[in-house]
Amino acid sequence: MNFANKFISKPPDFWEQVLFSDESKFCIFGIKGRKLVWRKNGAALDKQNLFPTVKHGGGGVMVWGCMAANGVGNLVFIDSIMDQRLYVVILKGNLKQSAKKLGLGNDFWFQQDNDPKHTAHNVKLWLLYNTKNQLQSPDLNPIEHLFDLLERKHRTLLQV
C-alpha cells in the first residue's frame, strides 16, 4: 500500500521511463498445477476431457526478462538455479543494454519485486553503482501479465 500511495500521482511520462523486470518459469510440457474442468457423469475418460501428462513435470525453462512502455528488452534463458550471484551476472549483461535498446537513456527507473535474490546485499550494491533510480514493489509488476500471456499462448500452441 505504501508503494501505491507513493507513486499513484506520478504522471504517465514517469511510467514511460520505468524498466520492469522479473523472472518466470515456463513449463514446456504439462502445466504448473492442477487443471480443473467440469465434466458430465460418465464422461471423464472421453478424449476431449483428457490431457497428456509427462513424468517429472515435463521440463521447463526459467527466463529473466524486462519491458518498458514502448516494448520489451532482452530475454535471458536461465540454465541453472537462479541465485543472487547469477542475478547480478544477468543484470550486468542485460540491464543497460535493454534500457538502451528501448531508448530509455541513463535516467530510467529500474523496477523489481522483493524477491530475496533481488534484495540481497551484493545486488543492492551493484544497482547502487549502476542505476540512478530504483523502484522496489511488493508484487505490482506489469511484466507478470506479459509472462502470463506468453504462458497462455504456449499452452494454446501445445493443444493444436
Side-chain angles (χ1 to χ4, degrees), residues 1-33 35 54 56-160:
M1 197 66 172
N2 292 338
F3 178 86
N5 286 331
K6 184 176 178 180
F7 291 97
I8 191 148
S9 61
K10 294 288 186 184
D13 60 330
F14 169 83
W15 295 106
E16 290 170 1
Q17 293 299 307
V18 177
L19 185 64
F20 298 94
S21 76
D22 206 0
E23 306 84 32
S24 186
K25 180 173 183 179
F26 293 91
C27 294
I28 303 300
F29 302 105
I31 54 176
K32 287 188 224 181
K35 186 166 187 173
V54 179
H56 309 294
V61 62
M62 177 75 94
V63 298
W64 174 90
C66 61
M67 65 176 252
N70 62 339
V72 296
N74 292 355
L75 183 68
V76 179
F77 290 87
I78 302 165
D79 294 330
S80 59
I81 294 174
M82 179 73 140
D83 62 11
Q84 57 184 296
R85 288 170 201 79
L86 179 57
Y87 187 57
V88 169
V89 170
I90 289 170
L91 292 176
K92 283 180 182 178
N94 296 280
L95 186 61
K96 289 183 179 179
Q97 184 182 36
S98 292
K100 183 178 179 181
K101 172 182 172 183
L102 293 166
L104 298 179
N106 290 326
D107 291 331
F108 69 94
W109 285 77
F110 177 60
Q111 193 279 337
Q112 58 184 350
D113 60 23
N114 289 326
D115 186 292
K117 66 183 148 287
H118 301 165
T119 59
H121 180 72
N122 63 328
V123 174
K124 285 183 176 182
L125 196 59
W126 187 87
L127 288 170
L128 178 68
Y129 287 103
N130 291 279
T131 60
K132 292 181 180 180
N133 309 301
Q134 298 174 45
L135 296 174
Q136 199 92 29
S137 75
D139 224 4
L140 302 171
N141 196 339
I143 197 169
E144 293 181 19
H145 297 286
L146 177 61
F147 284 148
D148 180 61
L149 177 65
L150 288 171
E151 181 80 25
R152 285 186 279 134
K153 290 285 187 186
H154 176 260
R155 278 196 305 259
T156 302
L157 292 173
L158 286 178
Q159 293 176 355
V160 175

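Below, each value reflects all heavy atoms present in this structure, side chains not excepted, and no hydrogens, waters or symmetry copies.
In plain terms, the two heavy atoms of Leu102 and Met67 that are nearest each other are CD1-C, 4.5 Å. Shortest non-hydrogen contact noted between Leu75 and Gly65 is CD1-CA, 4.1 Å. Here the closest non-hydrogen pair linking Gln84 and Val123 is O-CG2, 3.8 Å. Between Asn130 and Lys96 the shortest heavy-atom distance is O-CE, 3.1 Å.
Counted within 6.0 Å of CG on Asp13, heavy atoms from surrounding residues, nucleotides or ligands total more than 12; the atom is thus considered enclosed. Shown here is Ile81, whose CD1 atom has no more than 12 heavy atoms of other residues, nucleotides or ligands within 6.0 Å. Residue Asp79 places its CG atom among 12 or fewer non-hydrogen atoms of other residues, nucleotides or ligands, all under 6.0 Å distant.
Within the 4.5 Å cutoff, the side chain of Ile78 has no heavy atoms near those of the Val63 side chain. Using a 4.5 Å heavy-atom cutoff, the side chains of Asp22 and His118 are in contact. Put simply, the side chain of Trp109 does not reach to within 4.5 Å of the side chain of Phe20, judged on heavy atoms.
Remark: side-chain polar atoms of Asn94 are not paired, donor with acceptor, to backbone N or O of Val76 under 3.5 angstrom.
The salt bridge (Lys or Arg N to Asp or Glu O under 4.0 Å) search around Lys100 returns none, not counting sequence neighbours.
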Derivation of the side chain to side chain contact (heavy atoms under 4.5 Å, CB included) call for Phe110 and Leu104: CA-CA 11 Å; Phe110 177 60; Leu104 298 179; over 6 Å; no
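Note: Met82 CE to Ser80 OG = 9.0 Å, rounded to the nearest 0.5 Å. Within the model, atoms CG of Leu127 and NZ of Lys132 stand 15.0 Å from one another, a figure rounded to the nearest 0.5 Å. Atom CD of residue Gln17 and atom CZ of residue Phe108 lie 10.0 Å apart, to the nearest 0.5 angstrom. The OG1 atom of Thr131 sits 12.0 Å away from the CD atom of Gln111 when rounded to the nearest 0.5 Å. In this structure, Leu135 CG and Asp113 CG are separated by 12.0 Å, a value rounded to the nearest 0.5 Å.
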Can you give me every donor-acceptor pair (side chain of residues 85-92, partner residue at least two apart or in another chain, under 3.5 Å) with its distance?
from: Tyr87; atom 1: OH; to: Gln112; atom 2: OE1; distance (Å): 2.4

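At a cut-off of 3.5 Å, with distance as the only test, a side-chain donor of Asn74 or Gln97 sits close to an acceptor on the other residue.
Phe77 and Trp64 have their aromatic ring centers separated by at least 6.0 angstrom.
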